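Note: hydrogens, waters and symmetry copies are ignored here, and every other heavy atom, side chains too, is used. It should be emphasised that the depicted structure is a prediction, and the values quoted were computed from it without experimental measurement.
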Amino acid sequence: MHSSNALPDLSGRRALVPGGTGAVGEGVVRGYLAAGADVVVPTRTQERAEEFRAVLGEAATDRLHLVVHDYTTFAGAEQLAEEMERRLGGVDDVVAPIGGWWAGKRLSEIDEADWQSAFVDLATAHLAVLRACLPRLNARGAYTLIVGASAFTPIPGSGLVSMEQAALLMMQQVLAAELDGEQRVFALVLGPVRTRLVDSGDPDQVTADQVGAVAVAASAAAAVGGRQIRLRNQAEADEALALLQAA
């Protein structure tokens, strides 16, 4: 990014990053830790938690809280939010890079298992976390969805991804309308992202760390809310960061 790389100070803030152990989520977790926040990352197993701690290396300070917990159901998300309140005293920010890529079948070939896993389960997980955390969110904080540009770009063979991501994008729009400025909710809309797992070598693609930097800037920009922020290339990432830093 050509804009300033300096992160705002989020010391004392408590951020929840469900999906934080993923390749894009890693950049979000690194960003909030570097900004001074306490970061809660739920994982499926203790083994996965230790693997992720090793991936973070020196970035995994004592402000990283890895919790073995299934947050993908309504009850599970509620328990996670309650546990975060007990341990840290509240929730300030949520960034949700929940989900992954799915490909291989035309819509007419989708079976019930595909539909359940690639659409219903992921949409349920997002709504469960939102339902559990939004009422608890500190007024100074922000709720940020991580969405792919497939939400408005049809990709043959990956229709379930596009449908689920479009639903999430509408969820953010409805939230912004319902909240009407009372709380801040963002959608970061990503194109292909360079991560430690996938790197095309294209210098115009944003990196996972840049996604994290924009999410942190959105949390800190108290006067801005209800926005969809497109990060499909370096120019859009630079523009987004500059606007958020100005706010």
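Under the 3.5 Å distance criterion, with hydrogens and angles disregarded, a donor-acceptor pair is assigned to the side chains of Ser11 and Asp9. Using modelled atom types, one finds no donor on one side chain facing an acceptor on the other under 3.5 Å when comparing Ser200 with Asp202. At a cut-off of 3.5 Å, with distance as the only test, no side-chain donor of Gln116 or Glu112 sits close to an acceptor on the other residue. A donor-acceptor contact closer than 3.5 angstrom links the side chains of Gln210 and Gln234.
To the nearest 0.5 Å, atoms CG (Leu134) and CG (Leu179) are separated by 5.5 Å. In this structure, CG on Leu33 lies 7.0 Å from CG on Leu56, to the nearest 0.5 angstrom. Here Thr153 contributes atom OG1 and Ile155 contributes atom CD1; the two are 6.5 Å apart, rounded to the nearest 0.5 Å. Atom CZ of Arg194 is separated from atom CG of Asp209 by 10.0 Å, given to the nearest 0.5 angstrom.
Summarising the geometry of Ile229 relative to Ala240, their closest heavy-atom pair is CG2-CB, 3.4 Å, with the distance given to 0.1 Å. Here the closest heavy-atom approach between residue Arg184 and residue Ala218 is recorded as NH1-O, 2.7 Å. The heavy-atom pair separating Ala221 from Leu244 by the smallest distance is CB-O, 3.6 Å. Taking both residues in full, the closest heavy atoms of Thr45 and Val68 are given as C-CG2, 3.7 Å, listed atom of the first, atom of the second, then distance. When every heavy atom of Ala128 is checked against every heavy atom of Ala77, the shortest pair comes out as O-CB, 3.4 Å. Ala217 and Pro8 make their closest contact through CA-CG, 4.4 Å (heavy atoms, listed as atom of the first residue, atom of the second, distance).
Cluster membership for Val91 and Leu80, using ILVMFWY side-chain heavy atoms within less than 4.5 angstrom, is shared. Transitive grouping of hydrophobic side chains (ILVMFWY, heavy atoms separated by less than 4.5 Å) brings Leu130 and Val189 into a common cluster. In this structure, Val67 is not a member of the same hydrophobic cluster as Val41, with clusters built from ILVMFWY side-chain heavy atoms closer than 4.5 Å. Under the 4.5 Å side-chain heavy-atom criterion for Ile, Leu, Val, Met, Phe, Trp and Tyr, Leu231 and Leu7 are members of the same hydrophobic cluster. Clustering ILVMFWY residues whenever any of their side-chain heavy atoms sit less than 4.5 angstrom apart, transitively, puts Leu145 in the very cluster that holds Phe152.
For CZ of Arg86, the number of neighbouring non-hydrogen atoms (other residues, nucleotides, ligands) closer than 6.0 Å is greater than 12. Counted within 6.0 Å of CZ on Arg196, heavy atoms from surrounding residues, nucleotides or ligands total more than 12; the atom is thus considered enclosed.
In this structure the side chain of Ile98 reaches within 4.5 angstrom of the side chain of Val129, judged on heavy atoms. A 4.5 Å side-chain heavy-atom check between Arg44 and His69 finds every atom pair outside the cut-off. Residues Val216 and Leu10 have side chains in contact (heavy-atom distance under 4.5 Å, counting atoms from C-beta outward). Within the 4.5 Å cutoff, the side chain of Leu160 has heavy atoms near those of the Ile110 side chain. Put simply, the side chain of Val40 does not reach to within 4.5 Å of the side chain of Arg87, judged on heavy atoms. The closest side-chain heavy-atom distance from Tyr32 to Asp38 is not below 4.5 Å. Counting heavy atoms from C-beta outward, Leu188 and Val211 have side chains that approach closer than 4.5 Å. In this structure the side chain of Leu107 reaches within 4.5 angstrom of the side chain of Met163, judged on heavy atoms.
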message: side chain to side chain contact (heavy atoms under 4.5 Å, CB included) for Arg136 and Met84? Distances and angles first, verdict last.
response: CA-CA 10 Å; Arg136 294 177 162 92; Met84 190 168 172; over 6 Å; no
- request: Starting from the C-alpha separation in whole Å, work towards a yes-or-no answer on side chain to side chain contact (heavy atoms under 4.5 Å, CB included) for Leu243 and Leu241.
  value: CA-CA 5 Å; Leu243 288 172; Leu241 193 61; over 6 Å; no
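No donor-acceptor distance shorter than 3.5 angstrom exists from the side chain of Thr43 to the backbone of Arg48, with no hydrogens or angles considered. Judged by distance alone, the side chain of Gln165 and the main-chain N or O of Gly148 form a donor-acceptor pair under 3.5 Å. For the pair Arg63 (side chain) and Ala37 (backbone), a donor-acceptor distance under 3.5 Å is present. At distances below 3.5 Å, at least one donor-acceptor pair connects side-chain atoms of Asn233 with backbone N or O atoms of Glu236. Although no hydrogens or angles enter the test, the distance criterion places a donor-acceptor pair under 3.5 Å between the side chain of Glu109 and the main chain of Arg106. In this structure, Thr73 contributes its side chain and Gly76 its backbone to a donor-acceptor pair below 3.5 Å. Counting only distance, with no hydrogens or angles, the side chain of Ser158 and the backbone of Val161 share no donor-acceptor pair below 3.5 Å. Under a 3.5 Å cut-off, the side chain of Asp238 and the backbone N or O of Ala235 do not form any donor-acceptor pair. Judged purely by atom type and a 3.5 angstrom limit, Gln183 has no side-chain atom pairing as donor or acceptor with the backbone of Ala142.
Screening residues 72-130 for ring-ring contact (aromatic ring centres under 6.0 Å, His included), with sequence neighbours left out, gives Trp115-Phe119.
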Under 3.5 Å, which donor-acceptor pairs do the side chains of residues 13-25 form with other protein atoms, sequence neighbours left out?
unit_1	atom_1	unit_2	atom_2	d
Arg13	NE	Asp93	OD2	2.9
Arg13	NH2	Asp93	OD1	3.2
Arg13	NH2	Asp93	OD2	3.3
Arg13	NH2	Arg140	O	3.4
Arg13	NH2	Ser219	O	2.8
Arg14	NE	Asp92	OD2	2.8
Arg14	NH1	Leu88	O	3.3
Arg14	NH1	Gly89	O	3.2
Arg14	NH2	Asp92	OD1	3.2
Arg14	NH2	Asp92	OD2	3.3

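Residue Val174 is tested with Gln172, Met171, Glu178 for a side chain to side chain contact (heavy atoms under 4.5 Å, CB included); the sole match is Glu178.
Judged by a 6.0 Å distance limit and a 45° cone about the ring axis, Arg131 is not positioned over the six-membered ring of Tyr71.
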